[in-house]
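Sequence lines set the chain letters: A, B, ... in the order given, protein chains first and strands last, and positions in each chain run from 1.
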Amino acid sequence: MGNIGGGLVFLVFALVTVFSAYLVISSRNIIHSALFLILTFIGVAALYAMLDADFLAMVQLLVYAGAISIMVVFGVMLTLRGGPENSNGDTRNAIGGAIAALLTFVVLGMVIFTNSAWLTTGTGISGGSTVSDVSWLLLTKYVVPFEVAAVLLLVAMVGAIILAKGVDDSK
Amino acid sequence: MVDNFGAIGIILIFAILFPIVMLAIPKMVAPRKPGKEKETTYECGMETRGETWIQFKTNYFLYALVFVAFDVETIFLYPWAVQFRKLGTFAFVEMFIFIAILLVGFWYAWKEGALEWK
């Protein structure tokens with residue numbers, strides 16, 4: 001850890017992430033943009049894994065590379081009219097976007113480098129990975145929020161079905 | 001941590017290299033004789049009609065939404081499955097309650113015909 005190999009792996013995944021993120025906005029074909037977005041999510045997941053946040057990496061893969069990208073692809077498929085050529089039009093607000101991105105970086109950098117408290121990783125409670133810590137807390141101390149999350153998911157699922165299918169008035 | 005992911009890294013390298021090699025071999029070995037009939041779009045032997053890129057029916061969005069709900073459920077199952085042996089009976093019962101609550105959603109989706117492919 002912290003050797004040249006680790007740095008090389010980080011460099012590879014950082015380059016993949018940044019380059020695919022650039023291709024998301026520069027691709028003419030919006031389907032390609034969506035696919036590169038998935039690659040960006042996977043690259044970010046790899047960076048999380050390198051930061052010892054293995055649970056977060058798993059969530060990133062499942063939720064972003066799995067669920068969110070499915071939503072994006074469906075959104076594209078549902079709204080796309082005609083062929084995919086030139087479906088991702090010109091970016092007109094390049095200068096404004098550059099300024100906004102720069103300001104975001106400046107603010108994030110200020111927050112990160114002026115608060116040194118959370119730069120160091122905390123020590124886990126179970127001595128294992130973050131997955132075991134999360135499972136330990138989730139199923140012992142925070143059991144009630146855990147079950148509430150199940151109810152929340154249930155409501156979300158039923159709500160999604162009602163939204164997509166409409167309420168059946170015949171009954 | 002990087003060392004722990006070494007095995008995944010090796011699989012990743014193979015997963016990237018293997019398709020490239022598999023695609024490169026036919027390119028080099030197979031004879032190429034393109035013809036007009038060969039280059040038409042294959043669609044179960046029928047003549048293709050209309051545009052390839054058509055708008056999806058909005059009904060299919062339902063499958064995406066239900067998938068996302070079950071996907072998020074998997075996130076809660078994952079840490080439990082990893083630490084299954086250490087957590088003991090209480091966690092086992094807890095997880096069954098969790099799954100039972102979500103089975104209600106599954107039952108509702110089934111009842112509403114959300115899982116039927118039309």
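Taking hydrophobic clusters as Ile, Leu, Val, Met, Phe, Trp and Tyr residues chained together by side-chain heavy-atom distances below 4.5 Å, F146(A) shares a cluster with L77(B). If you chain together hydrophobic residues whose side chains sit under 4.5 Å apart, I16(B) and V9(A) fall into the same group. Hydrophobic clustering (ILVMFWY, side-chain heavy atoms < 4.5 Å, transitive): V111(A) and L108(A) are in distinct clusters. Follow the hydrophobic side-chain contacts under 4.5 Å out from L15(A) and you never reach F13(A); the two are in separate clusters. Neither L51(A) nor L56(A) shares a network with the other; the hydrophobic side chains, linked directly or stepwise wherever heavy atoms of I, L, V, M, F, W or Y lie under 4.5 Å apart, form separate groups for each.
Between chain B and the residues G159(A), A149(A), G75(A), A67(A), the most heavy-atom pairs under 4.5 angstrom are made by A67(A). For chain A, the option among A69(B), A64(B), G9(B), A91(B) with the highest count of heavy-atom pairs below 4.5 Å is A64(B). Each of I70(A), I68(A), L153(A) has some count of heavy-atom pairs under 4.5 Å with chain B, and the biggest count is that of L153(A). Taking chain A as the reference chain and counting heavy-atom pairs below 4.5 Å, the highest number among I75(B), V82(B), L12(B) is found for I75(B). Chosen from F70(B), W80(B), Y78(B), the residue pairing most often with chain A at heavy-atom distances under 4.5 Å is Y78(B). Among V143(A), T140(A), V59(A), V155(A), the residue making the largest number of heavy-atom pairs under 4.5 Å with chain B is V143(A).
Taking each heavy atom of V158(A) and Y108(B) in turn, the nearest pair found is CG1-CE2, 3.7 Å. Contact detail for P79(B) and S135(A): the closest heavy-atom pair is O-CB, 3.2 Å.
Residues I161(A) and V66(B) form a side-chain contact, since some pair of their non-hydrogen atoms from C-beta on lies under 4.5 Å apart. Taking 4.5 Å as the limit, every side-chain heavy atom of V68(B) sits out of range of all side-chain heavy atoms of M157(A).
Contact residues of residues 93-106 of chain B toward chain A are E94(B), M95(B), I97(B), F98(B), I101(B), L102(B), V104(B), G105(B), F106(B) (heavy-atom distance under 4.5 Å).
Within the 4.5 angstrom heavy-atom criterion, atoms from both the backbone and the side chain of M77(A) approach chain B. When heavy atoms are compared at a cutoff of 4.5 Å, L138(A) approaches chain B solely by way of its side chain, counted from C-beta outward.
Counted within 6.0 Å of CZ on F10(A), heavy atoms from surrounding residues, nucleotides or ligands total 12 or fewer; the atom is thus considered open. Other residues, nucleotides and ligands contribute at most 12 non-hydrogen atoms within 6.0 Å of the CD1 atom of I95(A).
Sorted by first and then second residue, the ring pair (Phe, Tyr, Trp, His ring centres under 6.0 Å) pairs involving residues 43-65 of chain A (not counting sequence neighbours) are F41(A)-Y64(A).
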